[in-house]
Amino acid sequence: MKRKLVVGNWKMNGDLVGNQALFEQLVGRMQSGAECALCVPFPYLAQGRCALVDSGIALGAQNLSEFDEGAYTGEVSARMLREFGCRFVIVGHSERRTLLGEDDDAVARKCKAALRGGLVPIVCVGESLAEREAGSAETVLRRQLDALAAVLDGASLARLVVAYEPLWAIGTGRTASADQIQAMLGFIRGWLSARVADAQAVRILYGGSVKADGARALFSLPESDGALVGGASLIAGQFLEICEAAAAATQGVAGDFKGS
Ligand code: PGA
């Protein structure tokens, strides 16, 4: 059975002392069953690597360069991330797309660089509120996904993790409804099915105001293979509960959906 995946995205938060406390609480109380990862800011990768060793919690980064090496001031390559113990890297988060000018093609090239460097890209796709209200949510996702297929063959697409994160649900406390999530995860699965030999094996996550309350129900939705968690990943109790819900769902224990 596919194990649910819970990925914490710390964004630009943390400091050495606070991180250490959070790592220790998570490592001390994490139960096995789900697969969990923490994507921390670049300067804290070394700290994370030491703190998470043999913990069963994987390490990840939040961005990488599309280039492998050279004169790219300020950039960080896939190889460097691997050297610091990263297994995952978030690519194309909506904050990078909207605030830092990353377009669909750059996101696709970064996914390619991540795969080339032995990392698992967690590629984020999602529509804005205006796009949803205009009825174009699927069109936006198709455009974002098609850009990936322009540079990645089916075998490469099969190695991605895809995270559906509607922009209007990120950091807003407003979770998409079960029907909305299910429809979009299903759309992504359908898109993959046309291009990947075993589309069911690709993990599709939901992200956007995921909290402990409601996580169990989220993981019980068909097509839901886990979560990308922002704010709640900074609170040990919240993140642990989400991981426990994922472990329970992996073992086949369902819940009731409590979206807004
Ligand atoms: P949030 O962030 O859980 O704080 O809404 C999710 C994300 O941006 O990945």
Side-chain angles (χ1 to χ4, degrees), residues 4-14 18-19 22 26 34-42 44 48 57-64 86-102 107 110-111 114 120-129 131-132 137 140-141 144 160-178 180-181 184-185 188 203-219 221 224-246 257-260:
K4 307 279 182 199
L5 173 65
V6 180
V7 180
N9 173 12
W10 283 10
K11 308 195 179 186
M12 198 172 70
N13 292 294
N19 298 347
L22 186 49
L26 293 174
E35 192 177 343
C36 298
L38 294 173
C39 294
V40 308
F42 290 142
Y44 301 130
I57 304 172
L59 186 64
Q62 301 169 16
N63 183 32
L64 83 165
C86 286
R87 176 165 153 66
F88 295 98
V89 61
I90 297 171
V91 183
H93 189 281
S94 62
E95 287 150 15
R96 298 205 60 83
R97 291 178 187 260
T98 58
L99 304 174
L100 296 157
E102 275 186 26
V107 170
K110 287 185 175 200
C111 284
V120 178
I122 301 167
V123 58
C124 301
V125 294
E127 80 288 355
S128 67
L129 187 57
E131 289 162 339
R132 171 158 287 272
V140 170
L141 254 63
Q144 294 171 336
L160 301 174
V161 172
V162 183
Y164 168 59
E165 295 208 312
L167 274 61
W168 45 274
I170 294 177
T172 58
R174 181 176 168 187
T175 315
S177 72
Q180 287 168 329
I181 296 173
M184 299 308 271
L185 300 188
I188 294 166
R203 283 189 289 193
I204 308 177
L205 314 182
Y206 167 77
S209 297
V210 174
K211 303 278 180 289
D213 184 27
R216 198 167 276 244
L218 169 65
F219 298 141
L221 294 176
S224 156
D225 299 319
L228 182 54
V229 184
S233 72
L234 297 167
I235 305 163
Q238 281 279 326
F239 193 67
L240 285 161
E241 257 192 71
I242 295 168
C243 293
E244 278 162 29
F257 192 87
K258 280 197 221 129
S260 58

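Predicted, not measured: the structure shown is a model, and the values here were computed from it. Throughout, residue positions are numbered sequentially from 1 according to the sequence presented. Numbering of ligands and ligand atoms starts at 1, following listing order.
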For ligand 1, list every N/O pair with the protein closer than 3.5 Å, one pair per line with the distance.
{"residue": "ligand 1", "atom": "2 (O)", "partner": "K11", "partner atom": "NZ", "Å": "3.4"}
{"residue": "ligand 1", "atom": "3 (O)", "partner": "S209", "partner atom": "N", "Å": "3.4"}
{"residue": "ligand 1", "atom": "3 (O)", "partner": "G230", "partner atom": "N", "Å": "2.9"}
{"residue": "ligand 1", "atom": "4 (O)", "partner": "G231", "partner atom": "N", "Å": "2.9"}
{"residue": "ligand 1", "atom": "5 (O)", "partner": "G171", "partner atom": "N", "Å": "2.6"}
{"residue": "ligand 1", "atom": "5 (O)", "partner": "S209", "partner atom": "N", "Å": "2.7"}
{"residue": "ligand 1", "atom": "8 (O)", "partner": "K11", "partner atom": "NZ", "Å": "2.7"}
{"residue": "ligand 1", "atom": "8 (O)", "partner": "H93", "partner atom": "NE2", "Å": "2.6"}
{"residue": "ligand 1", "atom": "9 (O)", "partner": "H93", "partner atom": "NE2", "Å": "3.2"}
{"residue": "ligand 1", "atom": "9 (O)", "partner": "E165", "partner atom": "OE1", "Å": "3.2"}
{"residue": "ligand 1", "atom": "9 (O)", "partner": "E165", "partner atom": "OE2", "Å": "2.7"}

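Heavy atoms only, all atoms of each residue included: S209 and T175 are closest at O-OG1, 3.6 Å.
Taking D225 as the reference, K2, R189 meet the side chain to side chain donor-acceptor pair (under 3.5 Å) condition, with sequence neighbours excluded. Here K110 pairs with E102 under the salt bridge (Lys or Arg N to Asp or Glu O under 4.0 Å) rule; sequence neighbours left out. Looking at residues two or more places apart in sequence or on another chain, you find a salt bridge (Lys or Arg N to Asp or Glu O under 4.0 Å) between E95 and K11.
Between R87 and E35 a salt bridge is recorded (basic side-chain N to carboxylate O distance below 4.0 Å).
With V120 as the partner, the side-chain contact (heavy atoms from CB on, under 4.5 Å) test is satisfied by one option alone out of L160, V161, V89, L5: V161.
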